[in-house]
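The block underneath contains the structure these notes are about, expressed in structure tokens.
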Amino acid sequence: MNRKSIFSWLVMILSSLVLLFIIAPLAGMFFHTGGTQFLETVRDKEVQQSVWLTLWVSFAATFIFSFGAIPFAWSLARKKLPAKNLIQGIIDLPIVLPHTAAGIALLGFISRDGILGKAASLAGLNLVNHPAGIALAMAFVSLPFLINAARDGFEAVPERLEKAALNLGASHMKVFFTISLPLAWRSITTGFVMMFARGMSEFGAVVIIAYHPMTAPVLIYERFSSYGLNYARPASVFFILIALLFLIGLRLLSLKRKKKNINIDAQTD
Amino acid sequence: MLRLININRRLGDFALTDINLEVSDGQYYVLLGRSGSGKTQLLELIAGLEHPDSGRIILDNEDITRQKIQNRKVGIVFQDYAVFPHMTVFGNIAYPLRVRNETKKDIAEKVENAAAAMNIDHLLERSTEKLSGGEMQRVALARTLITSPRLLLLDEPLSSLDTSLKDDLKRLLRKLNKAGQTIIHVTHDYGDAISLAKRVGVIHNGKIIQEGSVNEVFNNPANRFVARYAGIRNFFRVDIAGEDGSLSGVTEHNTRFRIDGKANVRDSLLLIRNDSIVITYEKPTDVNLNSFRGKVTEIIPSEYGMEVTIDAGDFFYADAPASEIDKLSLTEGKEVWVSFPSKAIVVISGN
């Protein structure tokens, strides 16, 4: 056996161990969940509601914040911003913060004493213990995923193409929508899915903003702390399956959409 | 008519300096320069993709220095074509019309015509990812020409095409220019310049160092850099002695040239075109010729036939057709005379 193959073996074994580390607990959880138990949980209204709440709130948060995050990502990729590194650092901050600390910070901002909380209460809305507050908590911790992926996507679009479009008479706005955005679409979708997934799985920040209504991660925690592991397991399995289904569906949709875009272009041409 | 007046633009370590340029309507102007000479930056300034730090750009008596790119009607075709990869050929050519909200019917008609003029009408439904370099170039040209630009800027349009495609495109560009399209074409290729240009500007380190008709520039190169472009390899740094009318220049190897006309500075550079140098076995009798005895050190094929190197203390380079070499039975090591008239010597400042 030569040195190269020893190295290859070593890499393979280490990689397999890491992979196993990810798969084993999940697989264990699936195997330890009985069919009847699982079906009962699926039929449980409380579980259904929490999963549904988690999905739509995370999707709404991602969708709404993408209107600001995508143009922001474009400006990070294209513009000479003052203190760009500082701005980039601020964007990444939620990734490194303990999420409970992020929740506490956010709570101060959206409770009735905070600026946003005051503004919302004027409109008759209490953000704490409300889906809107949950959405804000999810967005706070997951925004970097969308911004960074979209920024990478825009950076990968050759600037020449944007210049050519300007030269051909397009306004900056048109260049953004007809050239930059379609060409960065794949990265943006990846970022969108990442932000959605990250928001969905958020526990720390969400639990501080809203214990009720319960999102799936909070519900799983509640079942675990009140009733124990066996009771929390089926809910976890159910949530993971739903989340996976949703993620795969979104991925497929975005790929299809990209293909469809090209076809539509060809047809109307 | 396009006029650039005292254009300056700094980009990091590099600067376009004091650029003055006039391109009349219907002109085919070739801007010749090496990569990094600033020629692409200059095109981007004219197109409005960049702005000069100082100076003015006048097009048809209108100051367009700060005018929006979209309103300039100056079309640019980039070296890498910048064809939109997510659109079909039709989508690309139609793009400028769509952003102007033209009707579908008008767009279809104009795109058909533009594509037919470029011989790419059979490619309209194709995705641009499947096009060859030559086809991409034509798509980019059609897309720009459909906007009826007052001025067409071409950035190295021939550099990535193979020889036969190059000839096709040159024919197309000449045809466009003949139809009245004003063109500024930047290239690093001397051959492109002489085969297409009516006027030539040579740009080096962000400065236009010489400008004029093809003949003016290449027969009287202003400096060694321009001379190299014209294929001149005979450069001699000399000390000038004597008075106007009977000047001579002496190299450090003691080669003494008789020079016609004037020389302003003592330290000068003499240039002699390779094709001005004649090789003979006998010493020429004409006293008006500069002639030197030397030994042939190398005979190699060149763009112009064969290039013969003669060591006569200083090295001389002469171009000759292969048939001439055969006739003289010239081989390496033979003793020969090189000669050329005094008026074939161009004197430029040594700096």
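As the structure is a computational prediction, the values presented were derived from the model and not from experiment. Proteins come first, then strands; the chains are lettered A, B, ... in the order of their sequence lines, and each starts at number 1. Heavy atoms only: backbone and side chains are in, while hydrogens, waters and symmetry mates are out.
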Ring center gap for A/Phe154 and A/Phe176 short of 6.0 angstrom | yes

Hey, does the side chain of B/Arg72 reach the backbone of B/Ile46 with a donor-acceptor pair shorter than 3.5 angstrom?
-> yes

For B/Val83, is it the side chain, the backbone, both or neither that has a heavy atom under 4.5 Å from a heavy atom of chain A?
-> backbone

Could you tell me if the ring centre of A/Phe59 sits under 6.0 Å from that of A/Phe246?
-> no

Using 4.0 Å as the upper bound for N to carboxylate O, is an ion pair formed by B/Arg9 and B/Glu44?
-> no

Quick one: what part of B/Val74 sits under 4.5 Å from any heavy atom of chain A, side chain, backbone, both or neither?
-> backbone

At a heavy-atom separation under 4.5 Å, does B/Arg143 approach chain A through its side chain, its backbone, both, or neither?
-> both

